[in-house]
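Keep in mind the model is a prediction, meaning the values are calculated, not measured.
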2 protein chains.
Amino acid sequence: MSPKHSVSQDGAGRILAAAILLFGEHGVRGTTLKAVAAEANVSQALIVHHYGTKEGLRAACDEYVADAIRERKEETLAAEPQLDPLMALRHLEHGRPLLRYLIRTLTEGGSHASELIDGMVDDAEHYMAQGERDGVIKSSEAPRDRAALLVIWSMGALALHEHVERLLGVDFLAADAPPESLQRYLRPAIELFMHGLMEENSFDSLAGFLGDTEAPDATKTNHDDKK
Amino acid sequence: MSPKHSVSQDGAGRILAAAILLFGEHGVRGTTLKAVAAEANVSQALIVHHYGTKEGLRAACDEYVADAIRERKEETLAAEPQLDPLMALRHLEHGRPLLRYLIRTLTEGGSHASELIDGMVDDAEHYMAQGERDGVIKSSEAPRDRAALLVIWSMGALALHEHVERLLGVDFLAADAPPESLQRYLRPAIELFMHGLMEENSFDSLAGFLGDTEAPDATKTNHDDKK
DNA sequence: AGACTGACTGAATAAACAGTCAGTCATCAA
DNA sequence: TTGATGACTGACTGTTTATTCAGTCAGTCT
């Protein structure tokens with residue numbers, strides 16, 4: 001029920017750390033228990049002894065990572081309202097392996113990841129409502145959806161960190177890197193958030209994308225059960 | 001050298017379609033040749049006969065998907081400048097399985113995906129430069145980085161389509177769905193692109209994120225060869 | 001007809017895999 | 001000292017995996 005809050009040096013702890021590392025790097029399916037055992041310098045049988053099955057090990061990893069992030073969140077939450085959930089995530093304790101693991105669960109599904117994202121959206125919505133009251137954030141027609149969009153963009157960029165690094169030279173996974181190293185990501189982002197992307201008078205050319213200009217619902221609601 | 005441009009009904013074609021479907025759904029490692037053979041209604045040995053190895057099959061899938069997207073791109077490219085590469089992608093021929101496969105290669109690496117993304121950034125940069133000349137797009141201090149950021153956000157949202165669906169009720173993978181169904185994604189996005197997120201006078205509170213307020217280069221250029 | 005090609009198959013194979021088992025070793029309480 | 005507990009291991013097992021092999025069969029040139 002109460003997992004240890006830092007991976008210790010005993011067998012069980014080393015196994016967990018090795019599993020998070022390898023699961024994050026090659027995926028769960030791409031990682032063998034033998035490889036985990038080798039990485040942790042224990043026998044394969046010890047993994048089963050502690051965690052039962054491979055799925056059990058995966059569940060333990062999920063729980064540990066979720067705990068670590070929750071813990072970190074509570075620390076930074078009081079400090080300063082984060083513009084971006086990425087910021088908070090970048091300073092995790094065992095950053096790189098943990099983030100890699102998180103990305104896997106983010107893209108490959110899993111209820112833990114969903115709860116995490118939902119929590120981030122809640123936070124973002126809350127912070128932006130506060131910012132709106134303080135006069136620094138603009139109001140929105142759909143504040144909840146806007147918060148969701150921003151979180152998704154942030155976490156999506158994290159999921160594509162490989163391409164972010166290639167295109168912008170920014171390594172999201174470097175836990176120790178100084179904030180200046182994020183410049184080429186943050187500068188255009190802030191530019192967009194400050195001034196927008198389009199000139200105000202260019203609304204017409206975009207109206208088409210929404211079908212109707214204003215009405216949120218259309219006449220034909222098509223329920224297409226696929227297959 | 002010249003792969004067929006639509007999956008035909010002969011063995012090789014059915015195998016390719018089955019592989020794209022299953023690789024996209026369960027990942028390459030999570031898919032057995034036996035499963036592909038069953039899905040395609042052929043013998044396992046026929047897969048090897050046509051594609052040599054599992055990796056050969058994967059490469060053929062990569063090439064087919066890349067071709068399909070390139071083809072689609074050339075079609076829509078002349079028609080209208082796309083605000084968002086997502087738009088173009090949503091109308092692929094065999095949409096759902098193809099997009100699933102694309103997402104896999106996007107997150108799990110692969111040179112094909114990198115080339116694809118780079119091409120999208122090129123296009124976005126070009127279109128926005130045109131829009132700037134036409135007076136509908138605002139100028140940027142770093143147009144290339146801005147284009148990269150927008151593409152990354154778009155494709156990142158695609159990678160997290162599962163969460164987009166849960167949070168916004170928008171299914172990116174539904175190829176036939178009408179554009180209205182994207183409203184809850186597009187509306188806050190356009191809102192942000194039109195008006196921005198923050199009030200103009202709130203610059204101070206953000207300056208910290210960039211270290212220096214304006215200078216793009218600092219005194220200490222840190223070349224940190226990682227590792 | 002006969003030689004040849006390429007799509008296609010069932011059966012076999014060797015490796016890799018997750019999980020089992022019997023038992024060693026240290027610690028600690030009685 | 002004894003006996004129990006739990007971390008830990010090497011050797012084993014049954015299954016699944018990709019890949020190989022030895023062919024069959026339908027067509028197509030000569």
Please report the distance, rounded to the nearest Å, between [atom1] in [X] and [atom2] in [N].
X      : N       : atom1 : atom2 : result
L22(A) : dA18(C) : CG    : P     : 12 Å
R14(B) : dT9(C)  : CZ    : C1'   : 14 Å
E55(A) : dA18(C) : CD    : C1'   : 13 Å
K34(B) : dG10(C) : NZ    : P     : 13 Å
I47(B) : dT9(C)  : CD1   : C1'   : 12 Å
L57(B) : dT17(D) : CG    : P     : 15 Å
K54(A) : dT16(D) : NZ    : C1'   : 13 Å
N41(A) : dG10(D) : CG    : C1'   : 16 Å

Taking the minimum atom-to-atom distance to the side chain of [X], which one of [options] wins?
X      : options                  : answer
L46(B) : dT17(D), dA7(D), dA7(C)  : dA7(C)
A45(B) : dA7(C), dG10(C), dT20(C) : dG10(C)
Q44(A) : dT9(D), dG19(C), dA18(D) : dG19(C)
H49(A) : dG10(C), dC8(D), dT20(C) : dC8(D)

Original post:
Counting only heavy atoms not in R29(A), do more than 12 fall under 6.0 Å of its CZ?
Top reply: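 Not more than 12 within 6.0 Å, no.
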**OP:** By nearest nucleotide on DNA chain C, pick out whichever of G52(A) and T32(A) is the more 5' one.
**Re:**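 Looking at DNA chain C, the more 5' nearest nucleotide goes with T32(A).
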**OP:** Spell out, as yes or no, whether a donor-acceptor pair under 3.5 Å connects the side chain of R96(B) to the backbone of L21(B).
**Re:**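 Answer holds: no.
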Subject >> Sidechain-backbone polar pair: K54(A) side chain, V48(A) backbone, donor-acceptor under 3.5 Å >> reply: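 A pair under 3.5 Å: no.
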**OP:** Check every strand shown and say whether L33(A) touches a base, only sugar-phosphate, or nothing at a heavy-atom separation below 4.0 Å.
**Re:**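 Sugar-phosphate, backbone atoms only, no base.
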**OP:** Describe the nucleic acid contact of S43(B) in one word from base, sugar-phosphate, nothing, applying a heavy-atom distance below 4.0 Å.
**Re:**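 The answer is base, as S43(B) lies within the cut-off (heavy atoms under 4.0 Å) of a base atom.
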**OP:** Would you mind telling me which residue lines up with the more 5' stretch of DNA chain D, H50(A) or R29(A), judged by nearest nucleotide?
**Re:**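 Upstream on the strand: H50(A).
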Original post:
Less than 4.0 Å between a side-chain N and a carboxylate O, is that true for R144(A) and D122(A)?
Top reply: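 R144(A) and D122(A): salt-bridged.
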**OP:** Flag the pair L192(B) / L149(A) as yes when at least one side-chain heavy-atom distance between them is below 4.5 Å, and no otherwise.
**Re:**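 The answer is yes, as the side chains (C-beta and beyond) meet within the 4.5 Å cut-off.
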